[in-house]
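Residue numbers count from 1 along this sequence.
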Amino acid sequence: MFVLVIYLGIFALMPPDGFWTTDNGNKYLQVVGLVESGYRSAEIQWPGLIYDPDFELKPIPDLFAVVQDGKMVSVFPPYFAILSSFFYLLFGLKGLYLMPLISGLLIVYAVKRFCDLLDLDSRVATVAMLLTAFGSPVFFYSFTFWEHGPTVALALWGLFWLLQYLFQEKRRFLVLAMVLLIIPCYLREEMGLLLIIAVGFLLLTGRGKQLLKEKIVIVVLSGALMSLPYFLMNLLYFQNPLGFHLSANFDGGLDPISHLGERIEVFYNLFISSCREPSLSWVLAGIVLLFLLLLYVTRGRTRRILAVVFMIYLVLYTGIVLFAFLEKRLNLIHINGFFAATPYLFLLLMPRDRKTSDRTGQRSRMVANLLLVTVLLFSLFYSMLTSMTGSSGFHWGNRFLLILYPIMIVLLCYRFGLKWDSLQIFRPKALIVGVVLLSAVLLQAVSVRFLHDTKAFFRDFNLFLLLNGLFVH
């Protein structure tokens, strides 16, 4: 209820008539095109067409829109715009943000259900929910007109029902899981990687040929039936069964040698980037690695002291990111590595005390292992396959890996908070953990305030252009 009240309050305060970035505006123009054409076309209207029939002055670059049959269309898949258009018709511009808001709340509730699967104390589950809601980029994307929130919400619930099927083997759970895992692929192509990982889990677990046949039949049928609308709608709106988004991301073509040569920079963009200067980002990450190595080779009192110093360092790390962010807002394009927004998730890589290592049952360990493998495989696959375009941008945290934040928060609580008493609230180390987490919440709060200010600026800027005849609405 607390999360709901805060989210609704922020939702009410966010300006609806200004966008965070051009991607959001592009998708809004898709919505308008769909509504005005009665869903027959996703064309983006170009008011200057009468003066520029050949689109030589096309206002949207080729990376984001293409000209086809004398019409300008977005390269983005139309499905998010189609879903958003219904809220737009009912509630106007404010309605565009209802789906991200609802998705944020569903993500938070999904975290609770994963904690239940891991048999975590209800109070520990509450901590996980609050961290997801206010201590991760989920906070930011719950108020941004982008498909990332809905994509993650659907995928998380798909994973949840897949795990339920693995334990209970009820056919309806598998059908529901497949539906919820396939729909995100409509919205974000990289979710196909998660689908592949999930199907791999499905086929490699369980016993019996009959059960395996059932799994294969459901996977193949659901995949075939749900892929058909995807190809048909792409043909309808783009005359291309695969759409344009993937080809736009690899606009320079796919040269395997150059692609492989970009992997270090892609890895840096996805995980390391935390400051304007890459050298400083590498140094900060290197110090984290050094701490972790020392923690694994030390024992007893020495390890405990190192753990405290490491947590203090994470507060400093958070402060450096915050300073870089506040120094110049455009620095955001350089500080959106995965861990820059959530330095406390480095705690997940720390060794766990033996006292807490055997307190869970077989089901909990299996769930934790599957979630951990999901994080590792998704990170690996995406890092190896994505283009440079798909590893950077003007966003908060890492939107391409957004689904990993709630999963890693659940795993963090599983590793260090199996029982509420094990958190040792009144001990110095626990107090430092609290400071680390609160600093992360502060970081997310600043990002949401920046989101508000950016949207307000573009709203006022667009109004200025409109009133001065410099913009045609």
Looking at residues at least two apart in the chain, or sitting in another chain, which of them share a salt bridge (Lys or Arg N to Asp or Glu O under 4.0 Å) with Arg449? Asp453
When rounded to the nearest 0.5 angstrom, what is the spacing between CG in Asn24 and CG in Leu29? 11.0 Å
What pairs with Asn269 under side chain to side chain donor-acceptor pair (under 3.5 Å), at least two apart in sequence or on another chain? Ser391
Gap separating the CZ atom of Phe346 from the CD1 atom of Ile287, nearest 0.5 angstrom: 11.0 Å
Could you list all the salt bridge (charged side-chain N to carboxylate O under 4.0 Å, His left out) pairs where at least one residue sits in residues 136-146, not counting sequence neighbours? none
Is there any side-chain hydrogen bond (donor to acceptor under 3.5 Å, both in side chains) pair reaching into residues 89-104, and which pairs are they, with sequence neighbours excluded? Tyr97-Lys455
When rounded to the nearest 0.5 Å, the distance separating CE of Met14 from OG of Ser142 is 10.0 Å
Determine whether Tyr79 and Tyr230 satisfy the following criterion, ring-ring contact (aromatic ring centres under 6.0 Å, His included), listing intermediate values before the conclusion. CA-CA 9 Å; Tyr79 314 107; Tyr230 177 84; 5.5 Å; yes
Which residues pass the salt bridge (Lys or Arg N to Asp or Glu O under 4.0 Å) test with Lys170, not counting sequence neighbours? none
Contacts of Arg172 that satisfy salt bridge (Lys or Arg N to Asp or Glu O under 4.0 Å) - sequence neighbours left out: none
Say you draw a straight line from NZ of Lys27 to OG of Ser74; how long is it, rounded to the nearest 0.5 Å? 6.5 Å
Which atom pairs, donor and acceptor, lie under 3.5 Å between side-chain atoms of residues 130-140 and protein residues at least two apart or in another chain?
residue, atom, partner, partner atom, Å
Thr132, OG1, Ala128, O, 2.9
Ser136, OG, Thr132, O, 2.8
Ser136, OG, Val138, N, 3.2

Which pairs pass salt bridge (charged side-chain N to carboxylate O under 4.0 Å, His left out) with one or both residues in residues 391-404, sequence neighbours excluded? Asp23-Arg399
What is the minimum heavy-atom distance between Gly95 and Phe87, and which atoms define it? O-CB, 3.0 Å
Report yes or no: does Tyr382 contribute a side-chain atom to a donor-acceptor pair with the main-chain N or O of Gly390 at less than 3.5 Å? yes
Who are the side chain to side chain donor-acceptor pair (under 3.5 Å) partners of Tyr39, not counting sequence neighbours? Ser85
Just distance, no hydrogens or angles: give the donor-acceptor pairs under 3.5 Å from side chains in residues 155-163, sequence neighbours left out.
residue, atom, partner, partner atom, Å
Trp157, NE1, Leu106, O, 3.1

Can you list everything that forms a side chain to side chain donor-acceptor pair (under 3.5 Å) with Tyr317? Sequence neighbours excluded, please. none
Polar side chain donor-acceptor pair, Asn234 to Tyr186, under 3.5 angstrom: no
N/O donor-acceptor pairs under 3.5 Å from side chains in residues 367-375, not counting sequence neighbours:
residue, atom, partner, partner atom, Å
Asn369, ND2, Arg365, O, 3.1
Thr374, OG1, Leu370, O, 2.7

